[in-house]
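Read the numbers this way: they start at 1 and go in the same order the structure lists the ligands and their atoms.
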Amino acid sequence: MKKIAVLTSGGDAPGMNAAIRAVVRKSIYHGLEIYGIENGFQGLMNGNIRKMEIGSVGDIIQRGGTILFSARSEEFKTPEGQQRGIEQLKKHEIEGLIVIGGDGSFRGAQKLTESGFPCIGIPGTIDNDIPGTDFTIGFDTALNTIIEAIDKIRDTATSHERTYVIEVMGRDAGDLALWAGLADGAESILIPEKKDDFKAVISKLKRGHERGKKHSIIILAEGVGSGFAYGKRIQDATNLETRVTVLGHIQRGGSPTASDRVLASRLGAKAVDLLLAGNGGRVVGIQQNQLVDHDILEILDQKHAINLDMYKLSNELSI
Ligand code: F6P
């Protein structure tokens with residue numbers, strides 16, 4: 001293998017740049033030519049492909065977002081779109097591709113691998129919803145952004161003796177809500193993986209209020225439903241003054257934490273090693289601090305499992 005390429009796809013995540021840097025530098029270290037594809041699979045179809053040098057990834061390890069830009073491409077899901085992508089890879093004589101993104105991006109990588117272009121997936125998403133890895137790139141940074149925001153909300157919540165519903169990202173996965181809830185001592189955590197018990201949420205709020213608690217925090221993952229609708233239900237049921245904050249895309253930006261930079265560097269390098277060793281159709285990950293790789297089809301067939309012990313613990317600590 002002499003020429004490989006890298007792209008970022010789907011929702012961006014802090015640490016993607018550190019992963020691009022690792023892929024580029026590890027490739028050059030091994031004497032490979034490395035190409036960057038801009039705008040994900042959409043850019044691949046359109047031929048937005050440029051050669052990367054050592055200096056192309058200088059001064060980016062600390063930056064959020066992705067210097068290669070990202071996209072969610074509907075067209076690449078079609079056989080015609082995939083064919084256009086393959087033609088571009090052939091035209092540039094690219095023999096292997098590294099895809100940094102979430103499960104949607106890995107579907108594209110799988111299609112290309114089936115067509116004879118070996119691809120390796122690197123889990124990059126703030127949602128932490130990829131099976132086969134304990135952590136995805138971006139999760140730790142997003143979590144810390146959420147914690148910082150909730151700490152600020154706590155100040156004003158206490159001053160005004162209010163209840164807050166805070167909606168965090170996570171369409172299908174509750175990891176951000178769960179970890180943020182445990183890290184911030186939330187009264188209740190609402191996640192898509194676990195049906196909420198509204199009566200229990202209300203009685204906990206009332207108990208706290210009677211005990212003289214100055215504020216309450218409820219964290220809701222977006223996959224559960226609207227934070228505003230939930231806030232109204234809470235206010236109607238308790239008569240406690242309730243406010244809602246939707247944190248939104250602020251969670252996807254910012255300088256990656258040290259953990260995310262290290263994870264991204266390790267996974268990026270591992271992906272290059274796998275391609276060089278003749279592998280395709282694999283997804284890299286980290287499990288118990290060991291680098292691992294799994295069959296991409298296996299990863300696409302499974303569902304990420306939430307840590308229900310942590311959910312139980314959070315309930316036990318927020319009595
Ligand atoms: O997949 C990451 C994610 O941030 C989800 O948590 C969220 O539901 C989604 O992306 C938002 O996507 P978009 O930026 O396209 O609105």
Side-chain angles (χ1 to χ4, degrees), residues 7-20 38-43 63-77 99-109 121-150 165-181 183 189-194 219-230 244-257 260 263-264 267 283 285 299-300 302-307:
L7 62 78
T8 48
S9 158
D12 64 349
M16 279 184 164
N17 280 330
I20 296 168
E38 293 189 343
N39 301 102
F41 290 113
Q42 194 62 44
R63 294 208 194 137
T66 157
I67 58 159
L68 290 177
F69 311 110
S70 194
R72 299 187 197 274
S73 172
E74 284 305 312
E75 198 184 343
F76 195 73
K77 292 181 184 158
V99 173
I100 308 169
D103 55 354
S105 315
F106 296 165
R107 276 178 220 289
I122 300 181
T125 162
I126 64 164
D127 290 353
N128 207 38
D129 60 348
I130 307 292
T133 188
D134 294 341
F135 297 106
T136 57
I137 296 167
F139 173 68
D140 186 62
T141 308
L143 180 60
N144 279 285
T145 301
I146 294 170
I147 296 307
E148 210 181 302
I150 297 177
V165 173
I166 299 168
E167 185 187 309
V168 300
M169 277 188 166
R171 216 174 1 209
D172 307 306
D175 276 51
L176 281 173
L178 177 59
W179 284 65
I189 300 171
L190 307 170
I191 53 177
E193 294 88 343
K194 191 100 184 132
I219 303 188
L220 170 139
E222 64 171 328
V224 171
S226 152
F228 285 103
Y230 204 84
V244 178
T245 299
V246 178
L247 292 182
H249 286 81
I250 194 168
Q251 296 162 92
R252 284 236 298 258
S255 177
T257 58
D260 272 329
L263 177 65
L267 294 182
V283 174
I299 298 301
L300 291 172
Q302 289 168 31
K303 208 173 151 29
H304 163 73
I306 195 112
N307 186 331

Non-neighbouring partners of R107 that pass salt bridge (charged side-chain N to carboxylate O under 4.0 Å, His left out), sequence neighbours left out: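 For R107, no residue satisfies salt bridge (charged side-chain N to carboxylate O under 4.0 Å, His left out) once neighbours in sequence are set aside.
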Between [options], flag the one that comes closest to [atom] by a heavy atom.
| atom | options | value |
| --- | --- | --- |
| atom 5 (C) of ligand 1 | N128, D127, V168, I126 | D127 |
| atom 4 (O) of ligand 1 | H249, R171, R252 | R252 |
| atom 12 (O) of ligand 1 | Q251, E222, R72, M169 | R72 |

Hey, could you give me each pair passing salt bridge (charged side-chain N to carboxylate O under 4.0 Å, His left out) that has a residue in residues 166-179? Not counting sequence neighbours.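 Sorted pair list comes back empty.
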Report, in ascending order of atom number, the atoms of ligand 1 lying under 4.0 Å from any heavy atom of G170.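 It comes down to these atoms of ligand 1: 6 (O).
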Go through the steps to decide whether I20 and T66 satisfy the test side chain to side chain contact (heavy atoms under 4.5 Å, CB included), and finish with yes or no. CA-CA 8 Å; I20 296 168; T66 157; 3.6 Å; yes
Residues D260 and T141: side-chain donor-acceptor under 3.5 angstrom: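 Result is yes, a qualifying pair exists.
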